[in-house]
Amino acid sequence: MVMLMTQPSYLKDLNEQQLAAVTAPSGPVLVLAGAGSGKTRTLIHRLAYLVEEVKLSPAHIIALTFTNKAAQEIKSRAAALLNRSSANLGCLIGTFHSVSTRFLRRSASQLGFPPGFSIYDQADQLSLIRTIIKDLGYNQREVSAGAVAGLISRSKADLLSPTDYKERLGSHNKFTSLVAEIYGRYQTALFKNQAMDFDDLINQQVKLWQENSQLLRQYQERFSYILVDEYQDTNHAQYLWTKLLVGPAANLYAVGDDWQSIYSWRGADFGNILRFNQDYPQAKIYKLERNYRSTANIIAAGNAVMAPAEFKTDKKLWTANAAGRPLKVVELYDEISEANWVVEEIINLSATSDLIKGEPMYLPDQETGLLPDVGQGSWLYQGDGRELAGFVVLYRTNAQSRALEEACLKKGLPYRLVGGTRFYERQEIKDILAYLRLLINDRDGASLRRAALTPRRGLGETSLDKIISLAQTQDVALLSSSLSNHGLSGSKLAGWQSLIKLYNKWLQLLPKLTVAELIDEVLQSSGLKKELLDGSAEGKARYENIEELKTVAVERTPGQGREALIEFLTDVSLWQDQDELASKQPGGLTLMTLHSAKGLEFDTVFLVGMEEGLFPHSSSFSEPKELEEERRLCYVGLTRARRLVYCTYATNRRLFGSVMLGLPSRFLGDLPRDLIDFQAPTPF
DNA sequence: CTTCCTGCCGTTTTT
DNA sequence: CGGCAGGAAG
């Protein structure tokens, strides 16, 4: 270990524990950190430390995250520490999926895939499974494709192959044996389409490394230091991926908080973080329990909510920050008055807050010129949105955003909805991407299906499915004229042949065109443009979305030809984050689910819908483990706040048309009385 | 191939 | 309530 003669400036503002973690010796290191304790910060500083003091070449370092946003943040902050631009930082920083895809593209041929294999997202996966369910003679109502997809994905996260699944669970009951059958067919279908789903992007690389020790050793030598953020979110496949890559040297620096594990429903196993010491017996473990973010009252509330939890590491978050104000708990009549109350409180706070200066936002009455009474429905927001950056409204389910959006619209409060329909999930975007994917992967049936059906060219689903299965049996490219016995005639044949002609033309143009130019060309000659610009406002908006996609292409992959297109398609498949696009919009109140709030912080947090059955959600009641995940979700929500926390619940929430009688959430009951300022029922 | 009607069902969601 | 699967009819 390097002795530091003079302490570099970037180590000066770390506390004792943080400094110990950052300068820990080589080998496995676990930083078990609480919310707001600067855990990601230690990871960034560790990276800088390895480069500056250990004199490790950045080319040997990988930093892995779960979201692109986190990767971006690490990249830019590490670059700042090292006085470099983030473009020539030299480290590989990205999500597990993007890094693994990068590796996989290199050695895909060993698995029988071309380097340009398609990446199937959840929607592609679902439609593939639906087809299989139909082929097996079931309809959608009998067998839920979503449920099957979930089970398959969980099995893949646990590295259970279709055969493993069949052996272990196949004979369990009728449903599991059906799932086993579908799973097997699904994997075959993926292979025929030369496609991988998100789970495969991790699993297949694990498989490659397990089967080829020489390849593994190459990677281990090339990347000798691995840093993992949010380690509690790793599933078994990602855990193994990491373990294989770090190898015997085990230079792994993992950072995480088991209290913030909220993704076990998608396979994340926070046991990975609890078992760290068993996996790496020589591990150094550092605990960061000091919180720098929140007031002492908020921290006390977080500790109180977690106190009844059974499955957790012992930890007591503490802070030197002032006590601050008590948490405000407000009972409201229904979801509409809840939303109105929240929006009015935000208008009020943003106008009067001592932290956020702004003009009063009451509108004078038009006739009398007097400020209106401070009653319901009388305030209108008049700021420019920037002062709203400190506020967030968090809810358990996306459906709850509706009432809040309506309240914002009514009061003229600008808002930013995080989540909802993501950019790359839009119909028109998927359509154009399907055309592009076909140019790289001529076996991609799901993309052919989409492309050939939009715009309509006389070919229906039935004919297409026939062509696809025929081509896959004959093992020829989908859009090839050598496909025999397709039995098409008349307008169907004409449509098919015109598509082949177009396709061949694009293939010829491909090497000379940039991605943006290619999008233009496809848009034009496929007839997509004509179909979108039919004069309707909706069509125009959709066309503009494609223009937006072009902008992304120009910025991210300015190059020409096949390689650039593969890079672009990988990028848009793995970067489904709409935040980058949303952040171009002017500021506003942020509305999002509790899940998407992880890793963020706000001055003031509103937790709405704190009712039994909604939060904790009723589906978690039967399983203590699931109930605890809700508890952790509550902890995550509370600890997003720097200064103020509001919890609201409605006594008469409308859900699916009927009214649900709401009792206050048990989590509210876990908060000590002296931390709470309870507001009595408001008159309705 | 499209459109219209009926009836069912309802977390969280990144990559 | 509202979105979507799926069947029937155009």
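A note on names: the letters A, B, ... follow the listed sequences, proteins ahead of strands, and every chain is numbered from 1.
- Following rounding to the nearest Å, A:Asp571 (CG) and B:dT15 (P) show an atom-to-atom distance of 12 Å.
- Salt bridge A:Arg437/A:Asp124: present, at least one basic N to carboxylate O contact under 4.0 Å.
- Using a 4.0 Å cut-off between charged nitrogen and carboxylate oxygen, A:Arg185 and A:Glu181 count as a salt-bridge pair.
- Electrostatic pairing of A:Arg402 and A:Glu335 does not count as a salt bridge here, judged by no charged N lying under 4.0 Å from a carboxylate O.
- Between the P atom of B:dT13 and the CG atom of A:Leu394 lies a distance of 12 Å, rounded to the nearest Å.
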Protein-nucleic acid N or O pairs under 3.5 Å, nucleotides 9-12 of chain B:
unit_1: B:dT11; atom_1: O4'; unit_2: A:His617; atom_2: NE2; d: 3.4
unit_1: B:dT11; atom_1: O2; unit_2: A:Arg396; atom_2: NH2; d: 2.7
unit_1: B:dT11; atom_1: N3; unit_2: A:Ser619; atom_2: OG; d: 3.2
unit_1: B:dT12; atom_1: OP1; unit_2: A:Asn398; atom_2: N; d: 2.9
unit_1: B:dT12; atom_1: O4'; unit_2: A:Arg396; atom_2: NH1; d: 2.8
unit_1: B:dT12; atom_1: O2; unit_2: A:Trp265; atom_2: NE1; d: 3.4
unit_1: B:dT12; atom_1: O2; unit_2: A:Arg396; atom_2: NH2; d: 3.3

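- Contact annotation: A:Arg654 does not reach the phosphate of C:dC1 (side-chain N/O to OP1 or OP2, under 4.0 Å).
- Among the heavy atoms of the strands, none lies under 4.0 Å from A:Leu201.
- Ion pairing between A:Arg653 and A:Glu338 holds under the 4.0 Å rule for side-chain N and carboxylate O.
- Residue A:Arg457 is classed as having no contact, given no heavy-atom separation below 4.0 Å to the nucleic acid.
- Distance CD1 (A:Ile202) to P (B:dT15): 12 Å, rounded to an integer number of Å.
- Here the P atom of nucleotide B:dT13 and the CZ atom of A:Arg154 are 16 Å apart, to the nearest Å.
- No more than 12 heavy atoms of other residues, nucleotides or ligands lie within 6.0 Å of OH in A:Tyr138, so this atom counts as exposed by the packing criterion.
- Side chain to side chain, A:Gln125 and A:Tyr186 meet the donor-acceptor criterion of an N or O pair below 3.5 Å.
- Protein atom CZ of A:Arg266 is 8 Å distant from nucleotide atom P of B:dT15, rounded to whole Å.
- Spacing between atom NZ of A:Lys598 and atom P of B:dT14 amounts to 12 Å, rounded to whole angstrom units.
- Between A:Glu406 atom CD and C:dC1 atom P there is a gap of 14 Å when expressed in whole angstrom units.
- Distance A:Gln232 CD to B:dT14 C1': 14 Å, rounded to the nearest Å.
- The pair A:Asp465-A:Arg449 counts as a salt bridge, with a side-chain nitrogen and a carboxylate oxygen less than 4.0 angstrom apart.
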